[in-house]
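Position 1 is the first residue of the sequence; numbering continues from there.
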Amino acid sequence: MLNTQLNPEIAQQERQTALVLPFNCVGIVDIPLVGGKNASLGEMIKQLDTKGVKVPNGFATTAYAYRYFITDAQIEKQLRKIFADLDVEDVDNLRRCGKLARSLMLETPFPMDLQEAIARSYQALCQVYGTDTDVAVRSSATAEDLPDASFAGQQETYLNVHGLSGVLDACHRCFASIFTDRAISYRQIKGFDHFEVALSVGVQKMVRSDLASSGVMFSIDTETGFKDAALITAAYGLGENVVQGAVNPDEYLVFKPTLKTGHKPILQKRLGTKEIKMVYDVGGTKLTKNVSVPDSERRQFALNDDEILQLGKWACIIEDHYSQVRGMFTPMDIEWAKDGITGELFIVQARPETVQSQKSKNVLKTYQLKEQSPVLLTGRSVGEMIGKGKARVILDVHQINQFQSGEVLVTNRTDPDWEPIMKKASAIVTNSGGRTCHAAIIAREMGIPAIVGCGNATTVLTNGQDITVSCAEGETGKVYAGLLNFEIHELPLDELPRTRTKIMMNVGNPEEALGLTAIPNDGVGLARMEFIIANHIKAHPLALLHFDELEDELAKYKIAELTAQYESKAEFFIAQLAQGIGTIAAAFYPNPVIVRMSDFKSNEYANLLGGRQFEPKEENPMIGWRGASRYYDSRYREGFALECQGMKRVRDEMGLTNMILMIPFCRTPEEGKRVLDEMAANGLVRGENGLEVYVMCELPSNVILADEFSKVFDGFSIGSNDLTQLTLGLDRDSELVAHLFDERNEAVKRTIAKAIATVKEHGKKIGICGQAPSDYPEFARFLVELGIDSISLNPDSVIKTMLEIASAEKGQ
């Protein structure tokens, strides 16, 4: 621990007039004294060190020191004169005022006693870490890191600063940076007086992440506001590139509730391109420089699983502490770094998250496109909104005066210098950056959509081109040609009735899962495995297991590319499936999430990479080799084993025991028993660790023998699509008889009524996950009158059907 210049129990009066304070002498109550950044560092060093959170030590100049500098040199009058005619809407005027103010600050020398106070503190730091130790010198304004205004990046930061003269120069430059163009503009927008805000400077021991990795993490999902997940981003080198959006980082999502119970719930791992890294400019003329990352390192994750989980635990500890201090839930925005010499992880900054935490939780606001057009490019979506306008491609911050209000800003990346025009944009599109970069954070704060990490936005889009930017379709943001119509829906959630019948949702896409939890629900009645297999895995499970025997060379090449980061092809399948289903299970935790094991038909399986080699050709695959009949068959048993291993990982490693498994297209009770035996052989034993297994009720045999199926399974879910086609004897894929397909047919309704009555008579649960109640409100009424336990709906029909069900339950 750093030997402090002042005792931690310093008298309050002495603290108020101190020029410099060690980090371990300040805490979160000292924001007026040392700014948000430094107060938070002191708070963590004092309060969280015993909980294992590591924070590099250092010291801070005080707000008193800043004001002393201004008054001692008698420059306030000159500064006020500079800002007398300030107009932040006029970019040229803003630049002129900022430049004059910064020049005045830099030309004014520090008082000698302030220089001496900084020198004593830096020398004390060197006694601990070594002569001329390397430090980060960061600005920390007294109006910074407040719960409703982040002020992120408004003032300057200097990394790899060595020696006393370097530290003094960096401190002086930080003082001047209180008048950067972006800081002036931001304060004006937020209503802060330029002369009421003071600046503290933090001097902190550098973490040698230039030799390892660093990044940003949020203790909340940045897009949806889902509070039970921590989002971690990582790239090689010093963290500035991640913060500024100069790289597309790796992204990891960790589920906090089961992380706290000792499980390993890494829900998502997304590989970033990580093309450059910031390192020390050893022997050069600059403090730092950017260098290329070797291709082999780009294709690897910057963190291993243990490090991801460690950071996730720290995010929980930090969030819990600040929530306790503030007496309310306080999600956090945290910067971390890994030391390449010692291998240790450190927290280097932590501040309250300022967007999702401020949103109303009583109103559900959704955006929906009403038209389609060609997709011009895609990237990571930020903000679940839609914006449109003319594209304005700007490659240099010095050209921002060309930007017109209402245009879509298209650029390589943004930093705080771009903020004067960002507030005027209808949307933002960048070539680089991840969900925690500067463009993403500011877009959320300004309430506009952004798509980051597109790669080639500045070459694909042209000035004046009409475009629509949609971030309302999941994690992938899309830029459409033209100005498309869209709707905004606002729904007051506190006025919705609660129903006796469980209202669940059908969810297939993990990318949408976290956002869907905002809709009132009782869990997921159908999570389809097929979406994840088709869109994320893309390869036939047997093609992965028998990769060396593949005859299709193109499929072999594509599979090799897909699985490059994994120790085996099988592990790729298991990990991708576990992460996809795990994300859905976590999103709705602890409510039940019913996961249907794979229900591709043989023709659909054949369309997966390498699939044709392993699939038969069937005349009518709709009623052929699908569902349960595949699982115990020697021709697919190995593939089903991979599915089981993925589901076992979700329950055992991630701790998501709210997941219920469901078997589709199970023709006989005997077949059901064979499937359960197959599952048990792969570690999924019904009843063990609370595992429930349901069966789809979608065949007439499931209804006729519902009493026998009740002895094999824990519950039933009616699949009205298949039950309708098999009751009426028609192929729903055939356009010749499609007009006869109607779930409201009396034969179908009587079949469903019999199923519900028999299952309830045998004390088992029964719900419906088919399309009918989503399409027909009267069908939902019919089910309620029969006493069905749950109705699972498509997300877009939940609210209207909930109102219908509430009315039916009241007998209206």
Side-chain angles (χ1 to χ4, degrees), residues 51-54 207 209 212-222 226-237 239 242-243 247-274 277 297-320 331-340 342-350 380 434-436 475 510 514 536 564-567 571-572 574-583 585-587 589 646 649-650 652-656:
K51 296 184 178 180
V53 178
K54 296 179 181 177
V207 176
S209 58
S213 57
S214 58
V216 177
M217 61 180 175
F218 283 81
S219 66
I220 191 172
D221 182 63
T222 53
F226 180 70
K227 66 184 180 63
D228 284 336
L231 173 70
I232 302 166
T233 61
Y236 299 117
V242 176
V243 174
V247 293
N248 297 339
D250 296 340
E251 288 185 7
Y252 316 105
L253 196 68
V254 181
F255 186 56
K256 295 187 296 185
T258 57
L259 179 67
K260 292 178 180 180
T261 57
H263 293 88
K264 300 178 179 180
I266 301 175
L267 302 178
Q268 293 177 17
K269 291 171 69 174
R270 185 187 293 268
L271 191 72
T273 52
K274 307 183 296 292
K277 64 177 176 178
E297 290 182 34
R298 295 181 196 179
R299 293 198 301 266
Q300 296 174 9
F301 289 109
L303 291 174
N304 63 40
D305 286 1
D306 288 341
E307 291 166 337
I308 295 167
L309 295 168
Q310 179 64 73
L311 288 172
K313 289 172 186 172
W314 284 357
C316 293
I317 291 169
I318 294 168
E319 178 184 81
D320 289 346
M332 299 296 290
D333 169 356
I334 303 161
E335 292 181 31
W336 64 270
K338 179 183 176 182
D339 195 299
T342 66
E344 294 175 286
L345 292 168
F346 290 91
I347 300 299
V348 295
Q349 284 192 50
R380 302 290 280 128
R435 288 204 286 162
T436 60
E475 292 184 2
L514 300 186
H536 294 265
Q565 281 83 45
Y566 294 83
E567 60 190 46
E571 172 58 24
F572 164 72
I574 295 165
Q576 288 288 316
L577 188 61
Q579 287 171 24
I581 294 296
T583 299
Y589 183 89
R649 185 170 294 183
V650 172
D652 295 354
E653 290 187 26
M654 297 182 180
L656 296 164

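Look at K54 and D339 and you find no salt bridge, because none of the NZ, NE, NH1 or NH2 atoms lies under 4.0 Å from a carboxylate O. Taking 4.0 Å as the cut-off between side-chain N and carboxylate O, E319 and K227 do not count as a salt-bridged pair. The residues R435 and D221 are annotated as salt-bridged, a charged nitrogen and a carboxylate oxygen being separated by less than 4.0 angstrom.
M654 contributes atom CE, which lies 11.5 Å from atom NE2 of H263 (distance to the nearest 0.5 angstrom). To the nearest 0.5 Å, the span separating CD on E251 from OG1 on T233 amounts to 7.0 Å. The line from NZ of K260 to CD1 of I317 is 9.5 Å long, rounded to the nearest 0.5 Å. Residue K51 holds its NZ atom at 15.0 Å from NZ of K313, rounded to the nearest 0.5 Å. Y566 contributes atom OH, which lies 11.5 Å from atom CD1 of I574 (distance to the nearest 0.5 angstrom). Rounding to the nearest 0.5 Å gives a distance of 10.5 Å between CE of M332 and CZ of F218.
A donor-acceptor distance shorter than 3.5 angstrom exists from the side chain of K256 to the backbone of S219, with no hydrogens or angles considered. Checked by atom type and distance alone, the side chain of N248 never pairs as donor or acceptor with a backbone atom of G434 at under 3.5 Å. Checked by atom type and distance alone, the side chain of Y589 never pairs as donor or acceptor with a backbone atom of D228 at under 3.5 Å.
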Self-check item: CA sep, side-chain torsions, deciding dist, call: L267, Q579, side-chain contact (heavy atoms from CB on, under 4.5 Å)
Solution: CA-CA 5 Å; L267 302 178; Q579 287 171 24; 5.9 Å; no

Exercise. Could you walk me through whether Y252 and F301 pass side-chain contact (heavy atoms from CB on, under 4.5 Å), step by step?
Key: CA-CA 10 Å; Y252 316 105; F301 289 109; 3.7 Å; yes

